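Notes follow once the structure below has been shown.
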Amino acid sequence: AKEEEVKDEKPKEPEKPKELEEDAADVAGPKVNPGDVAFGGADSTLNVMPTMGGRLLLGLTEGGFQHLLAGTRASAGLKSGRYMVEV
């Protein structure tokens, strides 16, 4: 009788892995307006080129510039947490 029960049992589905990274809590303070943050041209590396009215930065990759790190300084800073920056 036990052999018949074992044959009738269906294999268990594997458990889904638990999400290790949970969402951060909502921000209670004031949010930054899009027009309040800007990039300074004087604080940029030589291979940074602003496009779309300064809303998009491109790193030049021609003529040896691909070996340089492209970077610039913004007018706002981040203190802690995870952020995605889209300009």
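A quick note: this is a predicted structure, and the numbers were derived from the prediction, not measured.
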Checklist entry - What pair of heavy atoms forms the shortest contact from Thr45 to Ala70, and how long is it? => result OG1-CA, 3.5 Å
Item to check | Pairs flagged by salt bridge (charged side-chain N to carboxylate O under 4.0 Å, His left out) wherever residues 62-75 is involved - sequence neighbours left out | outcome: Asp43-Arg73
List the atom pairs, with distances to 0.1 Å, where a side-chain N or O of residues 13-20 and a protein N or O form a donor-acceptor pair under 3.5 Å, not counting sequence neighbours.
none

Checklist outcome for this item: One should read off an interatomic distance between Asp23 CG and Glu21 CD, to the nearest 0.5 angstrom, of 8.5 Å
Item to check | Test side-chain contact (heavy atoms from CB on, under 4.5 Å) applied to Thr61 - qualifying residues, sequence neighbours left out | outcome: Gln66
Next on the checklist: Using the side-chain contact (heavy atoms from CB on, under 4.5 Å) criterion, which residues pair with Asn33? Sequence neighbours excluded.
Outcome noted: Asp36
Checklist entry - Partners of Leu57 by side-chain contact (heavy atoms from CB on, under 4.5 Å), sequence neighbours excluded? => result Phe39, Val48, Pro50, Thr72
Item to check | Shortest non-hydrogen separation from Thr51 to Leu58 and the atoms involved | outcome: CG2-CD1, 3.7 Å
Next on the checklist: Give me the atom names and distance for the closest heavy-atom approach of Phe65 to Leu60.
Outcome noted: CB-O, 3.2 Å
